[in-house]
Amino acid sequence: MPRSASPSPRSWPASALRSLASALALLALSAAGPAIERGVIAPAPQTDPELRDVVSQAMQEHECFGDQYDSAVWYTLMEPKLRRYLRDHDERVALLRTIYCETHRPGVAPLPPGLVLAVLDVESRFDRWAVSSSGAVGLMQVMPFWPEQLGMQRRELVTMEANIRMGCAILRHYLATEHNDVRRALGRYNGSLRGREYPDRVVSRWTSYWNGADDLGRTACCGR
């Protein structure tokens, strides 16, 4: 898949610039170590030390290409489901192409495409400008400290390919850490390991609206 050009900040919507600025401002929370230790501020998600190497390797990997027949059939089945979220046909196809690529990346454990779609659905409603209260940014709500750690430009967090590649690498790592226990992996991803609300919401979307997304993926992963 051709690498899409990163959008210029001048072309971003004003609301997106404000949101991204707010997310970056939340990085100041990382300096509040003592408060975190006292339990005043909850630790941010995606801060596990071993994740840096995982995400860095993912960003250095070459682009992947799945089986052309399977991927074409998958696009045809999934594209209508995305119409309620994304009006632009080309954007829908580009998003699906990226998800299929990252969930079927050679050399690493496969990810269920339906699970990734459910995470996107719950995390951002497929809005690449989304910013959470904890400062997570973009489609898969990646934490805003990653660009600095990986030598990337901050604006890459709102690009489709980079955000999904990082998000999939993080989710894949947590699934491996939790021995394919989906709910615990999702809890780690969201920074709510002991909670049930977020994992239950994602699994519910996965098994209902996105339930047909894994049929062609043949991913031997993750009991629900």
Side-chain angles (χ1 to χ4, degrees), residues 1-23 55 58-59 61-105 111-132 136-144 146-147 152-172 189 201-202 205-206 208-217:
M1 179 182 71
R3 188 177 296 276
S4 57
S6 298
S8 167
R10 294 181 180 179
S11 66
W12 294 2
S15 58
L17 289 171
R18 289 193 297 271
S19 296
L20 189 55
S22 298
V55 179
M59 298 309 293
E61 290 173 348
H62 296 293
E63 295 185 19
C64 52
F65 299 91
D67 179 273
Q68 291 186 357
Y69 172 77
D70 279 358
S71 60
V73 174
W74 190 77
Y75 301 154
T76 301
L77 292 173
M78 292 298 107
E79 188 270 337
K81 289 178 173 284
L82 269 180
R83 292 175 189 172
R84 64 188 298 179
Y85 302 99
L86 300 172
R87 293 183 179 181
D88 185 79
H89 174 269
D90 291 343
E91 186 177 0
R92 292 194 297 270
V93 172
L95 178 69
L96 290 171
R97 184 180 295 117
T98 301
I99 293 169
Y100 193 91
C101 173
E102 294 304 327
T103 54
H104 296 79
R105 179 171 287 280
L111 283 174
L115 174 59
V116 174
L117 283 161
V119 169
L120 284 154
D121 191 342
V122 171
E123 287 283 3
S124 68
R125 302 285 289 180
F126 299 93
D127 177 7
R128 68 188 182 99
W129 305 107
V131 178
S132 75
V137 177
L139 289 162
M140 291 192 74
Q141 294 291 276
V142 175
M143 294 302 290
W146 283 115
M152 299 165 56
Q153 296 185 15
R154 290 175 176 177
R155 66 174 180 268
E156 291 187 67
L157 273 182
V158 294
T159 62
M160 180 185 298
E161 182 181 278
N163 193 283
I164 292 177
R165 183 175 293 190
M166 284 189 277
C168 284
I170 294 166
L171 181 58
R172 183 180 285 114
Y189 188 91
R201 286 174 61 203
V202 174
R205 289 302 284 170
W206 181 21
S208 57
Y209 193 73
W210 301 108
N211 64 329
D214 302 327
D215 293 346
L216 292 174

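Nothing fancy with the numbering, it's 1 onward along the sequence.
- Interatomic distance, I164 CD1 to E102 CD, rounded to the nearest 0.5 Å: 8.0 Å.
- Qualifying side chain to side chain donor-acceptor pair (under 3.5 Å) partners for R201, counting only residues two or more places apart in sequence or in other chains: none.
- Taking all atoms of both residues into account, the shortest heavy-atom contact from W129 to V158 is CZ3-CG2, 3.8 Å.
- With respect to L139, the side-chain contact (heavy atoms from CB on, under 4.5 Å) criterion is satisfied by exactly one of E161, E123, R128, M166: R128.
- Ring pair Y75/Y100 is perpendicular by interplanar angle, where above 60° counts as perpendicular and below 30° as parallel.
- A136 and M143 get closest at one heavy-atom pair: CB-SD, 3.8 Å.
- Here the closest non-hydrogen pair linking Q141 and S124 is NE2-CB, 4.4 Å.
- Summarising the geometry of L157 relative to N163, their closest heavy-atom pair is O-ND2, 2.7 Å, with the distance given to 0.1 Å.
- With W210 contributing its side chain and L115 its backbone, the two residues share no donor-acceptor pair below 3.5 Å.
- Using a 4.5 Å heavy-atom threshold, the side chains of L95 and E91 count as separate.
- Of the inter-residue distances, the one linking T159 atom OG1 with R165 atom CZ reads 10.0 Å to the nearest 0.5 angstrom.
- Nearest heavy atoms, I99 versus P113: CG2-O, 4.4 Å.
- Between the NZ atom of K81 and the CG atom of L117 there is a distance of 9.5 Å, given to the nearest 0.5 Å.
- Two residues are said to be in side-chain contact when any heavy atoms from C-beta on lie closer than 4.5 Å; L82 and Y85 meet this criterion.
- Here Y209 pairs with nothing under the ring pair (Phe, Tyr, Trp, His ring centres under 6.0 Å) rule; sequence neighbours left out.
- A salt bridge links D121 to R125: one of the charged nitrogens lies within less than 4.0 Å of a carboxylate oxygen.
- Rounding to the nearest 0.5 Å gives a distance of 5.0 Å between CG of L120 and CZ of F126.
- The shortest non-hydrogen separation linking R87 to R92 is O-NH1, 2.9 Å.
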